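On a predicted model such as this, the values are computed, not experimentally measured, just so you know.
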Amino acid sequence: MDSVAIILWVLLCLNSCFCKGNPEPGCIGSERQALLKIKKDLKDSSNMLLADWRPGNKDCCKWKGVSCDNATGHVTELHLGFSNGRLKLGGQLSPALLDLKSLSVLDLSNNVFDQTQIPRWFWNLTSHLQYLNISGNHFQGNIPDLLTNHAALVLDLSSNNFTGSLPAISLNMTALDLSNNALSGSMLRFLCRKKHRMKLEVLSLGGNHLSGEIPDCWEKWGRLVAIELCDNNLSGKIPPSVEALTSLQSLHLSNNSLHGEIPESMSNCTELLTLDFSANQFSGEIPPWIGERLSNLIIIGLRSNMFHGRIPDQICGLPSLQILDLSHNNLSGNIPTCIKNLTAMNSRNKSNGTISYKTSKGCFVDNIALTMKGVVFDYSTTLKLIKLVDLSDNNLSGVIPEEITTLIGLLSLNLSRNHLVGKIPGNIGAMNTLECVDLSENRLSGEIPESMSQLTFLSYLNLSYNNLTGKIPSGTQLQTFSSSSFLGNKLYGPPLTNSSRDSKAVVPTGNSVGEDVDNGNKVNWFFICMECGFWFGFLCVACPLILTQKWDSYIFSTLKSLQNKFLTFLNKCKIL
């Protein structure tokens with residue numbers, strides 16, 4: 001994925017968030033000097049972010065981004081991440097950070113620090129920090145083993161240029177985000193060297209170059225709530241030991257080279273809310289137990305695999321399901337009529353737009369890549385607002401069940417590139433929240449239902465290459481779509497023109513791209529004017545030499561008149 005797959009949204013309750021301290025005891029002098037040294041190594045090109053960090057401003061607890069302990073005056077938090085807006089910090093990391101002995105929270109995310117390897121002294125901060133975020137910078141080099149931490153550390157190093165293998169981590173670490181770097185090698189050492197139960201709850205390693213199989217040693221990682229391994233080079237099958245992940249709520253394995261069937265051992269992960277196996281080589285049938293055992297699922301993403309067989313009716317037993325993406329597989333049979341039982345799709349979500357999962361240190365926000373309106377988007381902050389059914393590019397047959405129109409909260413419906421027959425459901429207009437409808441490349445027949453004109457939010461429509469007939473409903477926004485939305489049918493009326501009514505693409509007959517096509521009906525005025533010019537010259541020069549003198553005056557006056565008329569004609573030729 002282009003964006004960080006799991007965003008740590010830490011809601012730390014350490015004293016009180018962003019506390020500013022009382023006038024007494026106020027900022028400690030030695031720590032104020034440390035902050036000034038830190039500022040000296042930073043670059044604040046705007047002179048705004050650290051404007052109040054100056055010697056004359058004595059109470060450093062009131063400086064921007066600084067929080068102190070109310071009782072002791074020690075600096076406990078530095079919030080210098082500036083993801084909102086164009087103002088960012090640059091420069092280098094200062095060793096004076098080590099002088100802040102009570103620092104527990106350090107956020108330097110989304111700045112523009114120099115492209116450099118992080119100095120080794122910096123990692124010593126993790127021995128007492130509870131939250132460290134340096135994501136979204138240009139830091140590079142290897143990440144050392146982080147075994148000295150005794151606090152419950154939340155560590156976000158995502159979206160940098162770190163290389164090398166995965167580091168060993170301490171038993172107490174609760175969240176680790178190393179996504180979107182250039183880490184490589186196997187996961188074996190990282191996962192399987194542990195002899196004690198790990199406290200890790202969030203593991204995000206997506207967007208790297210990890211390879212090899214997923215190790216079969218998850219028994220010590222039973223507290224994991226979220227695993228994100230997408231966009232790597234992982235191969236092999238899902239190991240049986242995933243049955244130990246009984247607290248798992250989100251599992252992202254998309255865009256790897258994993259194969260085999262979905263193992264039944266996963267039926268033990270009954271807390272799963274998000275299951276994303278898209279763009280792999282998984283095969284076999286979609287297990288019915290997904291709908292029976294994983295009853296809390298909100299997202300099923302199985303796009304671009306090799307699943308075959310029917311869509312199991314048990315999928316309809318998922319009342320919380322909002323996203324069902326089974327596109328680009330080899331599924332066959334009918335669309336289950338029990339699809340009406342997906343009750344979460346029967347109304348529009350009025351809550352906030354995120355799907356987030358609680359951990360002991362706060363929560364994280366999930367995301368997934370979905371195809372909407374013909375384009376792949378990453379959805380995160382608005383994910384909970386998305387309700388989608390995508391069954392495109394399979395071998396489904398039969399009719400589109402009328403029951404699908406009960407999903408009135410659906411935003412996107414894609415059934416394209418199947419073998420569906422029959423009519424478009426007449427009550428499709430009841431799905432009045434639809435923004436995207438793609439029914440192209442099927443064998444649908446009959447007329448476009450008049451109720452489709454009620455889809456006032458519709459911004460993407462593709463009904464091309466079916467057997468639809470009749471007039472396109474008029475006086476609606478259906479006329480605002482391109483004629484390509486209706487090609488390959490026997491339809492008429494706007495936006496189809498006479499030339500597009502036959503629903504065949506016009507292929508240029510020229511030899512080069514962009515060459516104009518000669519339709520045989522245009523008049524070539526250049527050659528007509530050339531021919532007239534020849535005869536005018538002949539009349540003006542040859543005739544007076546042949547005819548007798550008595551005709552001179554008559555012919556001269558006649559030719560003069562013809563010349564005036566011809567000059568007028570030539571002017572018209574130039575205009576044309």
Side-chain angles (χ1 to χ4, degrees), residues 4 7-21 27-28 30-55 57-69 73-119 121-140 151 153-162 175 177 180 361-362:
V4 177
I7 303 172
L8 298 176
W9 193 280
V10 180
L11 305 176
L12 295 172
C13 297
L14 309 170
N15 306 314
S16 61
C17 290
F18 303 100
C19 59
K20 294 299 180 180
C27 175
I28 295 174
S30 61
E31 295 190 356
R32 181 172 61 250
Q33 292 305 314
L35 291 173
L36 292 173
K37 291 178 182 178
I38 293 170
K39 178 184 178 181
K40 186 177 180 181
D41 286 344
L42 296 175
K43 294 178 181 178
D44 180 9
S45 58
S46 66
N47 294 318
M48 294 175 59
L49 298 176
L50 305 178
D52 51 0
W53 288 39
R54 60 184 189 275
N57 191 352
K58 296 297 183 181
D59 191 357
C60 65
C61 294
K62 296 182 179 179
W63 293 359
K64 183 175 182 179
V66 179
S67 294
C68 298
D69 184 282
H74 283 294
V75 175
T76 56
E77 303 181 18
L78 284 183
H79 296 273
L80 301 178
F82 299 100
S83 57
N84 296 325
R86 298 180 180 178
L87 302 180
K88 296 179 182 293
L89 293 174
Q92 297 180 341
L93 299 172
S94 171
L97 284 165
L98 296 173
D99 296 331
L100 303 176
K101 303 298 185 181
S102 299
L103 192 66
S104 60
V105 174
L106 177 58
D107 182 0
L108 299 171
S109 61
N110 297 296
N111 284 296
V112 286
F113 288 103
D114 296 339
Q115 297 187 28
T116 183
Q117 184 167 337
I118 290 182
W121 61 260
F122 181 83
W123 300 110
N124 293 332
L125 289 168
T126 62
S127 63
H128 59 273
L129 286 176
Q130 293 191 20
Y131 177 68
L132 174 61
N133 187 349
I134 57 172
S135 64
N137 285 287
H138 301 292
F139 295 126
Q140 53 192 349
L153 177 64
V154 173
L155 181 61
D156 189 349
L157 309 181
S158 63
S159 300
N160 281 288
N161 298 313
F162 290 118
D177 191 346
N180 296 308
K361 285 296 180 182

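- Looking only at side-chain heavy atoms (C-beta outward), T76 and V105 stay at 4.5 Å or farther from each other.
- Using modelled atom types, no side-chain atom of D177 and backbone atom of N133 make a donor-acceptor pair closer than 3.5 Å.
- Between L108 and the choices I134, L132, L78, the side-chain contact (heavy atoms from CB on, under 4.5 Å) rule is met once, by I134.
- For V75 against C60, the heavy-atom pair with the smallest separation is CG2-SG, 4.4 Å.
- Rounding to the nearest 0.5 Å gives a distance of 9.5 Å between CG of D69 and OG of S104.
- Side-chain contact between L50 and L80 is present, with at least one heavy-atom pair separated by less than 4.5 Å.
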Side-chain donor/acceptor pairs under 3.5 Å, residues 121-129, sequence neighbours excluded:
| residue | atom | partner | partner atom | Å |
| --- | --- | --- | --- | --- |
| T126 | OG1 | W123 | O | 2.7 |
| S127 | OG | N124 | O | 2.8 |

Show me the donor-acceptor pairs, under 3.5 Å and distance only, between side chains in residues 86-100 and residues at least two apart or in other chains.
| residue | atom | partner | partner atom | Å |
| --- | --- | --- | --- | --- |
| K88 | NZ | F82 | O | 3.4 |
| K88 | NZ | N110 | O | 3.0 |
| S94 | OG | D41 | OD2 | 3.4 |
| S94 | OG | A96 | N | 3.1 |

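- In this structure, S135 OG and N160 CG are separated by 7.0 Å, a value rounded to the nearest 0.5 Å.
- Taking every heavy atom of both residues into account, G73 and C61 meet most closely at O-SG, 3.9 Å.
- Residues L36 and Q33 meet the side-chain proximity criterion, which asks for heavy atoms closer than 4.5 Å.
- Partners of W53 under the ring-ring contact (aromatic ring centres under 6.0 Å, His included) rule, at least two apart in sequence or in another chain, are W63.
- With sequence neighbours excluded, no residue forms a side chain to side chain donor-acceptor pair (under 3.5 Å) with D52.
- Not a single side chain to side chain donor-acceptor pair (under 3.5 Å) links S102 to another residue, sequence neighbours left out.
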